[in-house]
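Beneath this line is the structure, given in structure tokens, with notes to follow.
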Protein chains: 4
Amino acid sequence: MNGTMGGTKRQRRGDTRQRIQDVALELFAEQGYEKTSLREIAEHLDVTKAALYYHFKTKEEILVSIFEDLTRPMDELIEWGKAQPHNLETKQEVLRRYSEALTGAAPLFRFMQENQATMRELSIGHQFKDRMMQMRDIIRDPDASLTDQVRCISALFTMHAGMFVLQDVESDPEDKRKAVLEVAVDLVTQAHTGARAS
Amino acid sequence: MNGTMGGTKRQRRGDTRQRIQDVALELFAEQGYEKTSLREIAEHLDVTKAALYYHFKTKEEILVSIFEDLTRPMDELIEWGKAQPHNLETKQEVLRRYSEALTGAAPLFRFMQENQATMRELSIGHQFKDRMMQMRDIIRDPDASLTDQVRCISALFTMHAGMFVLQDVESDPEDKRKAVLEVAVDLVTQAHTGARAS
Amino acid sequence: MNGTMGGTKRQRRGDTRQRIQDVALELFAEQGYEKTSLREIAEHLDVTKAALYYHFKTKEEILVSIFEDLTRPMDELIEWGKAQPHNLETKQEVLRRYSEALTGAAPLFRFMQENQATMRELSIGHQFKDRMMQMRDIIRDPDASLTDQVRCISALFTMHAGMFVLQDVESDPEDKRKAVLEVAVDLVTQAHTGARAS
Amino acid sequence: MNGTMGGTKRQRRGDTRQRIQDVALELFAEQGYEKTSLREIAEHLDVTKAALYYHFKTKEEILVSIFEDLTRPMDELIEWGKAQPHNLETKQEVLRRYSEALTGAAPLFRFMQENQATMRELSIGHQFKDRMMQMRDIIRDPDASLTDQVRCISALFTMHAGMFVLQDVESDPEDKRKAVLEVAVDLVTQAHTGARAS
DNA sequence: AATGAATGAGGATTCATTCAT
DNA sequence: TATGAATGAATCCTCATTCAT
């Protein structure tokens with residue numbers, strides 16, 4: 001019943017590892033990590049479950065590998081942000097760059113957004129939380145008013161959530177991204193010039 | 001594991017249903033819906049799994065019942081909001097009331113925030129999405145600029161996320177709530193007086 | 001939700017036991033003994049499972065009680081048949097009476113016909129098999145040819161199966177019964193006058 | 001219970017699927033479908049329940065696969081019978097061939113005979129009923145008297161039941177088979193030359 | 001005459017994982 | 001570079017039965 005595979009295979013070669021990551025991320029984002037079984041992933045790829053274990057040691061490792069590949073731009077951004085002076089321009093530029101980084105890794109961020117409970121229990125959960133904290137510390141001023149700190153954090157959240165929440169508003173995706181970015185920049189700007197706000 | 005039950009039983013009666021809901025929500029919020037097994041819930045309550053099935057037909061029904069009990073205030077708020085004129089004062093008042101409603105159902109909202117992927121596949125997922133859409137339509141103006149619409153949606157998200165994200169910022173919870181509310185009200189106010197912003 | 005029972009109850013009295021038997025037989029015949037749960041029976045009667053246990057000690061006892069009530073005519077027939085001379089007339093008369101007895105207990109026989117595997121494991125299985133053997137010994141002649149013995153047994157089986165197998169043949173039930181009886185009587189008659197048949 | 005596996009393992013290879021079918025049919029026929037658990041089947045084979053699921057998607061699929069494998073001769077017989085002229089010789093020959101087909105699949109037919117209630121609720125129930133109807137339509141004449149139609153159906157039933165009912169009559173199985181066949185052929189012959197019977 | 005609450009045993013099914021080939 | 005076959009542990013859920021009230 002298998003063994004002949006009448007022709008629909010072919011054209012792949014050493015790209016299986018990559019294909020596993022692609023399909024896995026797609027399914028993880030769509031259904032959640034726990035609800036997505038290795039059987040399902042394997043079936044989508046037309047290979048056996050055991051084949052997945054040739055490429056990855058565990059289910060979690062699949063997710064970790066995706067995470068590592070896709071969050072590198074974010075790491076570099078943080079690195080860069082820390083090296084800059086902590087002024088408003090830097091913060092604005094960080095948000096701008098972050099907006100682009102998010103666009104490139106949208107499905108992964110959608111996954112993380114929607115599977116926070118799962119993330120918390122996985123090793124990458126901590127990694128990610130750390131990164132978020134570092135981002136926050138670049139953006140916010142720990143001596144500012146509570147309100148202004150909320151503004152900064154809200155800016156980050158707005159960007160994360162922004163991509164998915166405007167789903168049913170019909171507009172050009174690029175326009176949406178810009179609108180989201182504008183609101184985030186505004187929030188940070190207000191926080192910076194703030195104080196008198198309260 | 002049984003046989004000893006160190007004395008803390010007794011004195012309950014018709015409260016089992018309620019106790020199931022309490023423990024379930026706690027665990028669902030902590031570990032996620034899928035990762036929380038009925039065995040675990042039962043053990044926390046010192047009853048058998050089968051006892052859960054006396055009170056609820058399925059695992060999902062436990063969640064649904066919690067949801068129905070805890071989101072009633074939100075329903076009433078939406079009802080009220082729709083009946084008011086669509087002006088800035090109304091919107092601000094809705095946010096104020098919403099902030100209080102959220103405080104009362106914090107664990108449930110934390111659960112929903114962190115288990116969106118799961119929610120999407122559950123019957124209440126749709127219910128909740130509907131409610132959020134209605135909230136959004138009370139808050140935003142569909143003819144406003146994209147940016148201002150983002151502001152409104154961001155206001156809602158800020159309130160949802162706000163309570164959990166300030167976790168490691170040491171402050172009085174009530175102060176945090178007020179800070180979050182203030183930022184949300186600001187966003188909506190800017191969106192309302194906005195236009196020139198774009 | 002219960003406790004008020006808005007009026008659809010009433011008009012029963014001490015007949016619950018009987019009603020349990022009726023509903024149980026109906027469901028047993030329709031779905032089989034194993035697939036019919038006490039919950040289902042209770043729901044059909046609008047009582048609790050526990051109520052069934054007031055009237056019967058076990059699930060099996062419900063079936064046994066039905067069986068005992070409905071097979072009394074058959075017992076009496078066997079008693080009578082044994083006391084008669086073992087000639088053709090007796091056999092024919094036994095079949096005639098048996099046909100009527102079957103009509104009165106049709107659902108039970110349908111149940112037994114379709115749940116033989118279950119019956120075998122239940123206490124009444126043996127009882128029933130005994131009775132069938134006695135019937136067989138009234139009808140057949142142990143010294144007759146194998147073929148003639150098959151004729152007699154076939155006569156009995158024809159009567160058992162007859163009622164249900166003609167389901168999709170459209171005819172008056174009483175006509176069917178007579179046709180079935182006629183074939184059975186023929187078979188026994190042939191067996192009796194037989195020998196030369198082979 | 002594991003750990004020793006007294007030596008009788010090994011030497012199997014691709015035959016597990018077949019062995020599952022064999023054991024399953026044996027147990028289904030002996031105890032009924034519902035009363036036979038997958039645990040039981042697995043234990044008889046000295047494998048885990050999960051192993052069964054490698055070979056079959058569900059419990060029902062095990063039964064279906066047995067059914068499909070064992071009823072093929074019957075299908076072919078129906079095919080053949082339909083293509084022949086509808087005369088007495090054909091009918092007799094069909095019965096003769098049917099008798100042999102039944103012998104080859106005796107345990108399955110015993111199972112079906114004794115688990116009709118279960119069969120009705122399973123997908124194969126319909127399939128089988130269809131086949132029986134086709135057999136009936138080859139054997140009987142729809143314009144004959146009701147009595148003669150009963151004779152034909154009785155012929156089929158006699159063959160089905162025949163094998164199991166003569167259990168306690170001590171004789172060579174092949175002799176029994178012939179006796180049963182003879183009675184069935186007789187019934188059909190009478191039905192054919194019948195008319196004057198009514 | 002019946003209920004509400006619970007239990008213990010067991011059901012089918014799914015999962016991540018392993019390993020010899 | 002993969003597969004075929006299997007496992008062990010866990011899942012949700014259902015059942016017959018019990019008992020205090």
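Each chain gets a letter, A, B and so on, in the order the sequences are listed, and its residues count up from 1.
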Task: From CA spacing to verdict: salt bridge (Lys or Arg N to Asp or Glu O under 4.0 Å), D/R39, D/E43 - done: CA-CA 6 Å; D/R39 178 181 53 68; D/E43 266 168 18; 3.6 Å; yes
Task: Watson-Crick or G-U stems of DNA chain F, 3 or more pairs, under 3.5 Å, by first number - done: E:2-21 with F:2-21
Task: Rounded distance (Å) that lies between atom C1' of F/dA2 and atom CG of A/D15 - done: 14 Å
Task: Heavy-atom side-chain contact between B/M119 and B/K129 under 4.5 Å - done: no
- [ ] Check each of A/Q31, A/K35, A/K49 against A/E40 using the side chain to side chain donor-acceptor pair (under 3.5 Å) test, and report the only one that passes.
- [x] A/Q31
- [ ] Using the six-membered ring wherever Trp is involved, compare the ring planes of C/F67 and C/F128 and label them parallel, tilted or perpendicular (cut-offs 30° and 60°).
- [x] perpendicular
Open item on the list: Donor-acceptor pair, distance only, cut-off 3.5 Å: does the side chain of D/R120 make one with the backbone of C/E30?
Closed with: yes
Task: Value in whole Å for how far the P atom of E/dG4 lies from CG of C/D46 - done: 11 Å
- [ ] Please report the C-alpha distance between D/R110 and D/E114 in whole Å, then the side-chain angles of each, then the deciding distance to 0.1 Å, and finally whether the salt bridge (Lys or Arg N to Asp or Glu O under 4.0 Å) criterion is met.
- [x] CA-CA 6 Å; D/R110 182 177 161 215; D/E114 297 185 344; 3.7 Å; yes
Open item on the list: Looking at B/S123, is its backbone amide N or carbonyl O close enough to the side chain of B/E60 to form a donor-acceptor pair, meaning the two atoms are under 3.5 Å apart?
Closed with: yes
TODO: Output the residues of residues 29-44 of chain A in contact with DNA chain E, where contact means a heavy atom of the residue under 4.0 Å from an atom of the strand; sort by number or write none.
DONE: A/T36, A/S37, A/L38, A/R39
Task: Gap between atoms NZ and P, on D/K49 and E/dG11 respectively (whole Å) - done: 8 Å
Task: Positions of residues 50-66 of chain A (non-hydrogen atom under 4.0 Å from DNA chain F), listed by number - done: A/A50, A/A51, A/Y54, A/H55
Open item on the list: Distance to the ring centre below 6.0 angstrom and angle to the axis at most 45 degrees; does that hold for B/K59 and B/Y33?
Closed with: yes
Open item on the list: Among B/V64, B/I66, B/T71, exactly one meets side chain to side chain contact (heavy atoms under 4.5 Å, CB included) together with B/I124. Which residue is that?
Closed with: B/V64
Open item on the list: For the backbone of B/L108 and the side chain of B/Q113, can you confirm whether one donor and one acceptor N or O come within less than 3.5 Å of each other?
Closed with: no
Open item on the list: Side-chain N or O of B/T16 versus OP1/OP2 of E/dA6: is the shortest distance under 4.0 Å?
Closed with: yes
